[in-house]
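All chains are named by letter (A, B, ...) in the order of the sequence lines, taking the proteins before the strands, and each is independently numbered beginning at 1.
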Number of protein chains: 2
Amino acid sequence: MKALTRNQELVLDVLQRSARQMSAYDILDKLRPEGLKAPLQVYRALEKLMEIQLVHKLESLNAFVSCNHKSCHGSDMTAFTICQDCGAVNEFSADGVAALLKRQSVGEGFKIYQTAIEIKGTCARCM
Amino acid sequence: MKALTRNQELVLDVLQRSARQMSAYDILDKLRPEGLKAPLQVYRALEKLMEIQLVHKLESLNAFVSCNHKSCHGSDMTAFTICQDCGAVNEFSADGVAALLKRQSVGEGFKIYQTAIEIKGTCARCM
DNA sequence: TATGTAATGTTATAATATAACAAACTGAGT
DNA sequence: ACTCAGTTTGTTATATTATAACATTACATA
């Protein structure tokens, strides 16, 4: 487990402090005071952070969240609920779903590398 | 079930003829000969077509596919495998997964509106 | 025909993401 | 310490994806 570089630390830190998902440009704006200037600096850090599963991308929102969910590091399965009213995103453990998907995809001769499950709807608070 | 408008027909037709997923701009380029000029014409058609589930968006690719999968109209659950080698996309039926997700999310007090499951990996052909 | 809803066309612009290339840093092996 | 390979960085420019705003037209139906 390699140490993070400065830019990676900065990006991760911003994401961890944020209550919400952030776009790459949201992150960039937060980090301008630290000297970051170009989107690529953020995107590159995000790429690495996703590689080591400290950050996930919400594909349907083009946004990023940090992941403290220990069980998820080393897993290739992430699942999120996204509330369409309040915007709250919640990562939840989907082990049963993961197992089922794996079985099914093996049945179809497909080798899973990474899975994104994004569920849009209404959260308990907003109902 | 309302009839489709001209633009919606055109967009759906292009997608159905295509062996692959297409970006909105891919579609636009195919339809320039029919007189379409602006991205919005395509995006608006796509929006409607997705609403009535004749088209799905692959969130992780920012691309669109048509859906002939009868069982899926009226469902709020779509699942895709995406081969990272050849790019082939396959929609598969994930009823079991859907049921499981529904049970689990209900447990967490979340009301599902729409779910995207996108699995990246290697297809049988490419293994 | 009046009326409301939906769809259209158009221009402009916002938001998201990557290409290309030179330079600096890092770590392992010698 | 030296060097080599690999990674990370900084930077400018550009590609790709998506929406805003607004005037206009089509269309069903009461």
Report, as a single string ordered 5' to 3', how protein heavy atoms within less than 4.0 Å touch nucleotides 11-23 of chain C: B base, S sugar-phosphate only, - not at all. B----BBBBB---
Using every non-hydrogen atom in the two residues, find where A:Cys67 and A:Gln53 come nearest and quote the distance to one decimal. CB-O, 4.0 Å
Has A:Lys30 got more than 12 heavy atoms of other residues, nucleotides or ligands less than 6.0 Å from its NZ? no
Would a single hydrophobic cluster contain both B:Val65 and B:Leu12, if residues Ile, Leu, Val, Met, Phe, Trp and Tyr are joined by side-chain heavy-atom contacts under 4.5 Å? no
Does a side-chain heavy-atom distance below 4.5 Å link B:Asn90 with B:Cys123? no
In whole angstrom, give the distance that lies between atom CZ of A:Arg6 and atom P of C:dC25. 13 Å
Nucleotide C:dG9, atom C1' - distance to CG of B:Leu10 in whole Å: 15 Å
Atom CZ of residue position B:Arg125 - does it have more than 12 heavy atoms of other residues, nucleotides or ligands inside 6.0 Å? no
Taking only N and O in the side chain of B:Gln41, is any of them less than 4.0 Å away from OP1 or OP2 of C:dG9? yes
Closer than 4.0 angstrom, basic N to acidic O: yes or no for A:Glu51 and A:Lys48? yes
What is the distance, rounded to the nearest whole Å, between atom CG of A:Leu4 and atom C1' of D:dT9? 16 Å
Report the distance from atom CD of B:Glu47 to atom C1' of C:dA6, rounded to the nearest whole Å. 12 Å
Whole angstrom is fine here: how far is it from CE in B:Met50 over to C1' in D:dA18? 11 Å
Angle between the two end axes of the helix from C:dT1-D:dA30 to C:dT30-D:dA1, five base pairs per end, rounded to 10 degrees? 40°
Taken to the nearest whole Å, CE/B:Met22 to P/D:dT16 is 15 Å
Using the rule that two of Ile, Leu, Val, Met, Phe, Trp, Tyr join whenever any of their side-chain heavy atoms come within less than 4.5 Å, decide whether B:Leu58 and B:Val55 are in one cluster. no
Length of the CG-P vector between A:Asn7 and D:dG10, whole Å: 5 Å
Roughly, in whole Å, what's the span from CZ in B:Arg32 to P in C:dT10? 12 Å
Any side-chain heavy atom of A:Leu4 sitting closer than 4.5 Å to one from A:Ile52? yes
Within less than 4.0 Å of OP1 or OP2 of D:dT9, is there a side-chain N or O belonging to A:Thr5? yes
Are B:Val97 and A:Phe92 linked, directly or through other ILVMFWY residues, by side chains that come within less than 4.5 angstrom of each other? yes
